[in-house]
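All remarks here apply to the structure that follows.
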Amino acid sequence: MSINEILHSATSGLAAAQAGLRSVSNNIANVNVTGYAREKTNLTTRVVAGRVSGVAVGEPSRVADQFLEATVYRRSGDYGRAEVKAEYLDRLQELLGEPGGESGLPARLDAIASSAVAMTGAMGAEQTAAEFTGNVQDALSSMQQLTDDVENLRGDVESEVGYTVDRINGLLQRVYDLNTTVSQLTGLGRSTSGPADQRMNAIEELSQLVSINVRDQPDGRVTIEAANGATLLDKKLRQLSYPSSGAGIAQPHYPAIELRFADGQGNLGAATGEKLDSAVVGGKLGGLIDLRDRALPEFNEQVGVLFGGMAEALNSVSNANTTVPAPASLNGRQTGLGGSDRAGFTGAATFAVTAANGTLIARADIDFSTLPANATVDTVVAQINAGLGGAATASFVDGKLNLTAANSSNGVVVAQDETRPSDRGGVGFAQFFGLNDVVRSDTSSLVPSGFAATDPHGFAAGQTTQFVLRDTSGRELASYALATSGGGTFGDLVNDLNASPMGQFGNFALDDRGRLRFDATASVAGSTITIPVDSTDRRGTGRTLSALMGLTGASSGLSDAAVRSDVAASAVKLPLARFQASAALGEKALGAGDTRGANGFVERLDIPVDFGKDGSATLERFSSLLLGKAGLQASKAEDSLADATARRADATSRRDSFSGVNIDEELAQMVVLQNSYAASARVMSTASEMYDTLIAMVG
């Protein structure tokens, strides 16, 4: 080896040691910088003319493991989802109150049962009746307040969806810009440590907002995909487009978050055809979508189902009883029926007129089983009028049945046959028409429709009902706008639904009470139907298809439900007396002070209620399960958050232990580099002395 080669080797050694010391110095200076990946100096053997000629110093590079970083991204997505769900489900728990609290929904239902028991006593009937109706109204108000609070909570979730979308767009823009910088530096052969670290920090924050898959590209860029496979970033910038961004308004149905191409300044262009439309996208955004589209609506749905069961149970008793004296008129609620509709009743009922002292003046006992199979509502009305002989008049106008005594001092009574009670859709005649309800709603009939598949649907042509089917993650599986055609039947509507895109996920059918049911296939078990828009109107009565069919708890009528106004104003109008079915004309059929009907409330509240798709249970049991499920979900969310926090911390620790800065290691490396520098300097010094010796010898 020549002296020149020795000098070149020594010089390159000095340069290598200096470059290494710069990297060590930079690492130590950034030891407390979050997301900083330590750098190392790249050295290679320099070969000239086939002979080793020292060392070549390359650009410093990041010390990072893409698999460890990918693990952090995955764990961050799990953490983001768990954190937001724990937060909002905890807020839902706060709305429900403490278990066993006096203001909770179970306590309200217990109060109804307790006051019903109190009414069975002979003393203080009016006071106990007032307490009973007050407790019923309190329970209704509690349900309404609860659903309103949950809707407000959904509004908060929706606001946060908008903010999250905006932040995701900002992070995608930043990663896109850093991608360009890293790619340019890579092409020039220069170090990418600084911008690559900044990009990693941005991606980590992005991964907490939405679950992502990150792939490194040969030119130094990264591509990013959402967990549902949608491309969020490649060589083209994409942005999320959400028209409801930041609106913060609870609504039945929300638009999907679309992906659109964007220019370098983030201005939106054409749609990519991909969407983020369910909780599958993961991260905070996925958790928010799940809360907004599934968890919170599901809770309100169940509250609506509970109300429907409670109203049916209480009204079944009140309609089987009467007051003393009986009211001069019984005014039914909107049923959605027309006079030409099939009556559809079985069994028998008694229609009576009584004097103020309870004496029976007239009665009509109608056995519906003896009527023709195609007997209409108008046919039944005519039978009632014929039987009462002018002592009272029944009329059916615009979907409402009214029964009025000819003499205002007399009263009218509708009683069930004790052995063969009247029945349509599982409820008696008086309850079906709402003649003596204790709970009323202007938006719901509060009873199953009792329609059969062969009954005319009664909707005008072109009216529509929008059906949306979602899976357990809140993802929209299918939607269908059911359009009615004039002259069709309910069976035609069911067939139309089964032939629609929704039919591949389950089967629609009318049950034996005239309710529309959807049985999902095993592959989408747990999926739910929502009806965001319904413009139908049966026979001009104002009753929509969704309200009549009882497919969702949202159409139960809870929003405007209340104790019937005259009963709320005067407790003596609460029906508690029993009609004496064996009484003959001129005999007492009603007795003053009769509160035997109060036993009916006590007994009915202990009997399971048919909740349709949600099975059968007592009101107390159903409410306990409803609130217990909410508590269990909140508890599971807290546990999931604790687990996700621990897993993310572990993944971050593993990544940082590999790529982070360790002061002791850096100081040890500094000693090695200092010794290397000294050794190279000694070689140079020795080579210099050799030159001096040679010159002296020549001279």
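Keep in mind that the numbers below use all heavy atoms, side chains included, and drop hydrogens, waters and symmetry copies.
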Does the side chain of [X] come under 3.5 Å of the side chain of [Y] through a donor N or O and an acceptor N or O?
X: Asn599; Y: Glu603; answer: no
X: Ser559; Y: Gln144; answer: no
X: Asp537; Y: Gln463; answer: no

So, [X] and [Y], do they make that salt bridge, N to O below 4.0 Å?
X: Lys573; Y: Glu126; result: no
X: Asp156; Y: Arg91; result: yes
X: Asp519; Y: Lys613; result: no
X: Arg513; Y: Asp610; result: yes
X: Lys400; Y: Asp398; result: no
X: Arg564; Y: Asp437; result: no
X: Arg440; Y: Asp560; result: no
X: Arg543; Y: Asp534; result: no

Minimal non-hydrogen separation, [X] against [Y], with atom names:
X: Ala392; Y: Val353; result: CB-CG2, 3.5 Å
X: Ile384; Y: Phe429; result: CD1-CZ, 4.1 Å
X: Leu545; Y: Thr465; result: CD2-OG1, 3.8 Å
X: Leu291; Y: Tyr88; result: CD1-CB, 3.7 Å
X: Gly336; Y: Leu548; result: CA-CD2, 4.4 Å
X: Phe299; Y: Ala630; result: CE1-CB, 4.1 Å

Can you find a heavy atom in the side chain of [X] that is under 4.5 Å from one in the side chain of [Y]?
X: Ser422; Y: Gln431; result: no
X: Thr528; Y: Leu469; result: no
X: Arg604; Y: Val609; result: yes
X: Tyr480; Y: Asp496; result: yes
X: Asp614; Y: Gln302; result: yes
X: Glu620; Y: Leu109; result: no
X: Thr393; Y: Thr404; result: no
X: Phe611; Y: Ser616; result: no

Passing option when Val136 is tested against Leu314, Val567, Leu574 for side chain to side chain contact (heavy atoms under 4.5 Å, CB included): Leu314

Interatomic spacing from [atom1] in [X] to [atom2] in [Y] - rounded to 0.5 Å:
X: Ile529; Y: Thr552; atom1: CD1; atom2: OG1; answer: 9.5 Å
X: Phe351; Y: Arg363; atom1: CZ; atom2: CZ; answer: 12.0 Å
X: Phe368; Y: Asp423; atom1: CZ; atom2: CG; answer: 10.5 Å
X: Leu371; Y: Phe345; atom1: CG; atom2: CZ; answer: 11.0 Å
X: Phe396; Y: Thr379; atom1: CZ; atom2: OG1; answer: 12.0 Å
X: Asn402; Y: Phe433; atom1: CG; atom2: CZ; answer: 11.0 Å

Do the side chain of [X] and the main chain of [Y] share a donor and acceptor less than 3.5 angstrom apart?
X: Gln137; Y: Val563; value: yes
X: Ser369; Y: Thr346; value: no
X: Ser318; Y: Asn436; value: yes
X: Ser441; Y: Gly557; value: yes
X: Asp341; Y: Leu337; value: no
X: Asn315; Y: Val438; value: yes
X: Asp492; Y: Thr489; value: yes
X: Thr359; Y: Ala355; value: no
X: Arg333; Y: Ser445; value: yes
X: Arg154; Y: Arg292; value: yes

Near-ring test Phe518/Phe505, centroid separation under 6.0 angstrom: no

Working for side-chain contact (heavy atoms from CB on, under 4.5 Å), residues Met119 and Phe601: CA-CA 9 Å; Met119 285 194 301; Phe601 285 110; 4.0 Å; yes

Intermediate values then yes/no, side-chain contact (heavy atoms from CB on, under 4.5 Å), Leu96 and Leu146: CA-CA 8 Å; Leu96 302 180; Leu146 183 56; 3.5 Å; yes

Arg424 to Phe451, cation-pi by 6.0 Å centre distance and 45° axis angle: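 Yes, cation above the ring, under 6.0 Å and within 45°.
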
Worked check of side-chain contact (heavy atoms from CB on, under 4.5 Å) between Ile112 and Phe132: CA-CA 6 Å; Ile112 294 175; Phe132 175 80; 3.7 Å; yes

Neighbour count >12 (heavy atoms, 6.0 Å) for atom CD, Glu587: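 Check passes, neighbour count above 12.
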
Step-by-step side chain to side chain donor-acceptor pair (under 3.5 Å) determination, Thr464 to Ser535: CA-CA 6 Å; Thr464 59; Ser535 66; 3.3 Å; yes

Full working for side chain to side chain donor-acceptor pair (under 3.5 Å) between Thr350 and Asp365: CA-CA 4 Å; Thr350 298; Asp365 297 305; 2.6 Å; yes

Verdict with reasoning, Met549 to Leu510, per side-chain contact (heavy atoms from CB on, under 4.5 Å): CA-CA 9 Å; Met549 293 292 97; Leu510 291 179; 3.7 Å; yes

Test side chain to side chain donor-acceptor pair (under 3.5 Å) applied to Asn321 and Arg578, step by step: CA-CA 5 Å; Asn321 298 322; Arg578 290 279 175 85; 2.9 Å; yes

Side chain to side chain donor-acceptor pair (under 3.5 Å) evaluation trace for Ser115 with Asn135: CA-CA 8 Å; Ser115 55; Asn135 287 332; 3.2 Å; yes

